There are 2 protein chains.
Amino acid sequence: MPARSEREIQLSASEDWCVLNEVDLSQVEQHSVERLYQTGEALFREGDAVKGVYYVQSGLVGVRKADPYGNPTLLKLAWPGDTLGYRPLLANQCHRASAEAFRKGVVCFVDSKTVLQLIEATPALGLNFLKRAAKELGDAEQRFHDSVTLDMRTRFAHLLLVMQQQQKYVRGDSDGSAELLLPISRSDIAAMLGVRRETVSRAIRVLEESGVAYFSQRQVLVPDPASLTKTLIR
Amino acid sequence: MPARSEREIQLSASEDWCVLNEVDLSQVEQHSVERLYQTGEALFREGDAVKGVYYVQSGLVGVRKADPYGNPTLLKLAWPGDTLGYRPLLANQCHRASAEAFRKGVVCFVDSKTVLQLIEATPALGLNFLKRAAKELGDAEQRFHDSVTLDMRTRFAHLLLVMQQQQKYVRGDSDGSAELLLPISRSDIAAMLGVRRETVSRAIRVLEESGVAYFSQRQVLVPDPASLTKTLIR
DNA sequence: GGATGGCTGTGACCTAGGTCAAATCGGGCA
DNA sequence: TGCCCGATTTGACCTAGGTCACAGCCATCC
């Protein structure tokens, strides 16, 4: 039994790539490059031709879009285990967003040809991407609907809830209160909600005045998480 | 050589289903039901379990979402040749939007089991859906970005441009002007843009006052289509 | 320590678009 | 023809969030 590299082990643990067998995995191993990205470094930019996909091994990557006037939107965050860039590859388009390391981390690059061959050889991999795309499509449509239907305070509460549920930066306390560490800056929160920095600041003040959540730098204390949901409903 | 039904011919001409062979097509034929929908009739509703996919043969279908307070958004229009409902089927979710006939037309229903079997047997079909999902995902992200970045007038001009390019209701004149027939009501345009009916009316007035486009019921005359693009850029 | 520069919070003010209520228009129909 | 009804337009008014300008804050680097 051949030794499996760290990377192979990581890939086989991912939700998308886990369907690959030993042979396929070693093929990925051969045709992929891993690289350490520094905070702020770009993986790819909007408009670039698609050369392959990016598998996030560690760190945190943000996917942004900006209009010609520079207004940025943050479309999503990619955590370790997530794969980026498969969408434009399969849709045969250029990158329609930019990806940038939000903190130092290792990202593994697999070139297009290899990905397409793998999907050919192992349809289940394509099916996994299909399922993921289907799910993300639903989320994207929901986001559009929300951005148009809900006010920003509600969307903010929703975002906090999601970040809490990701359980990636959460600590529950015995008294039912929850503490979370936001992975991103105020500007980036604003970019996710599609509003301005200042509006986020004002929302934070309102949340604190009404006792729903307390912010200190990137730490958030939510005495009663259920009240977040209530903010949602109102 | 067996006679091919009208439906088989239609399916084999569709962008998604064209990869199916004769055998597969006759399997679809056996496991599908076609039905005439009257204007306003629902194909499925948000929250319904997914029973299968819908292939639009004729007419026009609108995909909507509404929040608990009744604010509707129109996510997209499905024209003949489009397939609806594959997203939640593949993501294994309930319907996250409702679909409704905007005008009388025939829709062919294929049950989930058959679709999944077909994808299993003909991975190319799955790949087609994957490509479509990938493309729609990109569009949805663009829409979110636009809804947050661009003002409604710009989005309206954009929508007119898209409807013109769909060439489904367009007539170009020798002098370079274009005439198009909007397939939907003002309320529905508003729902696509994520604004209120009244705001669309006001935008129409502005467009007419600035000579960019003239509206009469659902007919639109655009003397100089290039000026629409300019409206976009401003 | 002090200077520099990126974040963040605040206040004053403004505008796009929402809300509400009242016309107006067009078509179908008795 | 006159009436009714839904779709559309219009006007008056209001509010969420954008804009601009400036002031803390914190970390880093001399």
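Only a predicted model underlies this, so the values are computations on that prediction, with no experimental measurement involved.
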N-O pairing of A:Asp151 and A:Arg155 below 4.0 Å: no
Interatomic distance where CD belongs to B:Glu208 and P belongs to D:dT8 [whole Å]: 14 Å
If you find the nucleotide of DNA chain C closest to A:Val148 and the one closest to A:Ser185, which residue's nucleotide is nearer the 5' end? A:Ser185
Any N/O pairs under 3.5 Å between the protein and nucleotides 14-17 of chain D? List them or say none.
| from | atom 1 | to | atom 2 | distance (Å) |
| --- | --- | --- | --- | --- |
| D:dG17 | OP1 | A:Met152 | N | 2.7 |

What is the distance, rounded to the nearest whole Å, between atom CG of A:Asn71 and atom P of D:dG18? 10 Å
Interatomic distance where CD1 belongs to B:Ile204 and P belongs to D:dT9 [whole Å]: 5 Å
Counting only heavy atoms not in B:Arg35, do more than 12 sit closer than 6.0 Å to its CZ atom? yes
Does the distance from a Lys or Arg side-chain N to an Asp or Glu carboxylate O, for B:Lys65 and B:Glu46, drop under 4.0 Å? yes
Given atom CD of A:Gln217 and atom P of D:dG24, what is their separation to the nearest angstrom? 18 Å
Protein-nucleotide distance (B:Gln219, atom CD; C:dG26, atom P), rounded to Å: 13 Å
Distances under 3.5 Å only, N/O to N/O: pair up the protein atoms with those of nucleotides 10-13 of chain C.
| from | atom 1 | to | atom 2 | distance (Å) |
| --- | --- | --- | --- | --- |
| C:dG11 | OP2 | A:Arg205 | NH1 | 3.2 |
| C:dG11 | N7 | A:Arg202 | NH1 | 3.4 |

Can B:Asp16 and B:Lys131 be counted as an ion pair, charged N to O under 4.0 angstrom? no
Does the pair B:Arg132/B:Glu15 count as a salt bridge with the N-to-O cut at 4.0 Å? yes
Could you tell me whether B:Phe102 and B:Trp79 have their ring centroids closer than 6.0 angstrom? no
Send over the distance from A:Phe102 CZ to C:dC7 P, rounded to a whole Å. 11 Å
Would you kindly give the CZ-to-P distance between B:Arg186 and C:dC25, to the nearest whole Å? 15 Å
Is A:Asp188 salt-bridged to A:Arg197, going by a charged N under 4.0 Å from an acidic O? no
How long is the span from the CZ atom in B:Arg143 to the NE2 atom in B:His158, to the nearest 0.5 Å? 10.0 Å
Evaluate the ring planes of B:Tyr86 and B:Phe129, with Trp represented by its six-membered ring, and classify them as parallel (under 30°), tilted (30 to 60°) or perpendicular (over 60°). parallel
